There are 2 protein chains.
Amino acid sequence: MTQDVTRGFESPRDRLRAEGLRVTAPRLAALEWLADHPHSTAEQVAAGVRERLGAVSTQAVYDVLNTCTRASLIRRIEPAGHPARYETRTGDNHHHLVCRRCGRTEDVDCAVGAAPCLEPSNVDGFAVDEAEVVFWGLCPDCRYGGQPGSSHRPEVTRSAVRT
Amino acid sequence: MTQDVTRGFESPRDRLRAEGLRVTAPRLAALEWLADHPHSTAEQVAAGVRERLGAVSTQAVYDVLNTCTRASLIRRIEPAGHPARYETRTGDNHHHLVCRRCGRTEDVDCAVGAAPCLEPSNVDGFAVDEAEVVFWGLCPDCRYGGQPGSSHRPEVTRSAVRT
DNA sequence: TCACTTTCTTGACTGATTCCAGAAAACATG
DNA sequence: CATGTTTTCTGGAATCAGTCAAGAAAGTGA
């Protein structure tokens, strides 16, 4: 059982209802899967959903994920060079730690206090509504272990900025 | 001529040489284009390169961009949901302001002083080497103007936003 | 239960980018 | 300025993640 910020208050079913969304088996399965497996890719969610329900179309999964994202029931993060990942922890200002090599993603709470990095609220005429922070690096497995799974193409980013 | 941080010191030709890369027409054209049109997409770079050189394959452009990115001559940014963009300003820790709607991208210097948001250097066993910050919002055109859709041009940006 | 929506299925399709094999060009030499 | 390596470019096919479309199926309110 994951201890998620937004979980425990309401069941997936109630949360769907609260947003005026229909309660369907694929939606429940996807939300439940994500509650226990945060940062899953669409493909992983699809696998998890099929594990419980049997055949479910890929399109249905994307639809569920998009609908729930739009309703803020889940949050989508799209690390450059990796497929999108989803999580149920929404509404708080937390950021992510992503492995350049395998895409593994972990949560990082705001390092510099409450709302860091969200200084510029109206720069150059832009109406800024979100500050996204991604920490890039290598996860333990990719640092030490040799080949973690499939062949990931050589990562291109090597900026290594360390202000 | 744009006054870019990394430009003015060395010409594109010298910068290629300094990295041990061959000096080819497509590379020069791409680097020059980017110096004057920061945050261009691969497609825009291709168009700019073809403007000077005539026919150049798409693959050549991607190759040039990848090679130069790997050599840190340019930096690639990949805003979620938008094609990757490239810029010649490398080596300093500046971040980006991206329009949710049209993808227009602007530079933002660190808002919170020197090293904002780059607190965690070794979290959870990860070896963090870069903190990427993206401010999401709507650009002036998309806020007020109706349909920016078609006018999705290179959007020659005025860089160096000071906060 | 019935009608009315919304959602799911199937399958084709897109856009951005990469892979492949061979032709062409760059550049350190002789 | 020829020559031979080595690296890069061409052209086309392929991949990957994700979307679009039309009709069938299921959830919901009366």
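All figures in this text were calculated on a predicted structure; none of them were measured in a lab. Basis for what follows: all heavy atoms, side chains included, without hydrogens, waters or symmetry-related copies. Throughout, a chain's letter reflects where its sequence line sits, starting with A, and its residues are numbered from 1.
Distances from the side chain of B:Tyr62 to the nucleotides C:dT18, C:dC27, D:dG18 place C:dT18 closest. For B:Gln59, counting side-chain heavy atoms from C-beta on, the closest listed nucleotide (C:dC19, C:dT10, D:dC9) is C:dC19. Closest contact between the side chain of B:Val23 and the listed nucleotides C:dC8, D:dC9, C:dC27 involves C:dC27.
Judged purely by atom type and a 3.5 angstrom limit, B:Arg50 uses its side chain to pair as donor or acceptor with the backbone of B:Val56. Between the side chain of B:His39 and the backbone N or O of B:Thr105, at least one donor-acceptor pair lies under 3.5 Å. Remark: the backbone N or O of B:Arg22 is paired with a side-chain donor or acceptor of B:Arg27 at under 3.5 angstrom. Looking only at distances, a side-chain donor or acceptor of A:Gln44 sits under 3.5 Å from a matching main-chain atom of A:Thr41. Of the possible donor and acceptor atoms, none in the side chain of B:Arg85 sits under 3.5 Å from a partner among the backbone N and O of B:Ile77.
Nucleic acid contact class of A:Ser57 (heavy atoms, under 4.0 Å, all strands): base. Nucleic acid contact for A:Ala25: none, since no nucleic acid atom lies under 4.0 Å from a heavy atom of the residue.
Phosphate proximity of C:dC8 to A:Thr24: present, with a side-chain N or O under 4.0 Å from OP1 or OP2. Considering only side-chain N and O atoms, A:Arg17 lies nowhere under 4.0 angstrom from the phosphate OP1 or OP2 of D:dG27. In this structure, B:Asn66 reaches the C:dT18 phosphate: one of its side-chain N or O atoms is under 4.0 Å from OP1 or OP2.
Between the base of D:dT6 and the side chain of B:Arg22 there is a donor-acceptor pair shorter than 3.5 Å.
For the pair A:Leu53 CG and C:dC8 P, the interatomic distance rounds to 11 Å; values are reported in whole Å. Per the geometry, NE2 belonging to B:His82 stands 14 Å off C1' belonging to C:dG15, to the nearest Å. The CZ atom of B:Arg50 sits 13 Å away from the P atom of D:dC9 (whole-angstrom rounding). As rounded to whole Å, 13 Å separates atom P of C:dT17 from atom CD of A:Glu78. Spacing between atom CG of B:Asp63 and atom P of C:dT17 amounts to 14 Å, rounded to whole angstrom units. Taking atom CG on A:Leu21 and atom C1' on C:dC8, their separation rounds to 15 Å, with Å as the unit. For B:Arg70 and D:dT8, the CZ to C1' distance is 13 Å, given to the nearest whole Å. The CD atom of B:Glu43 sits 15 Å away from the P atom of C:dT18 (whole-angstrom rounding).
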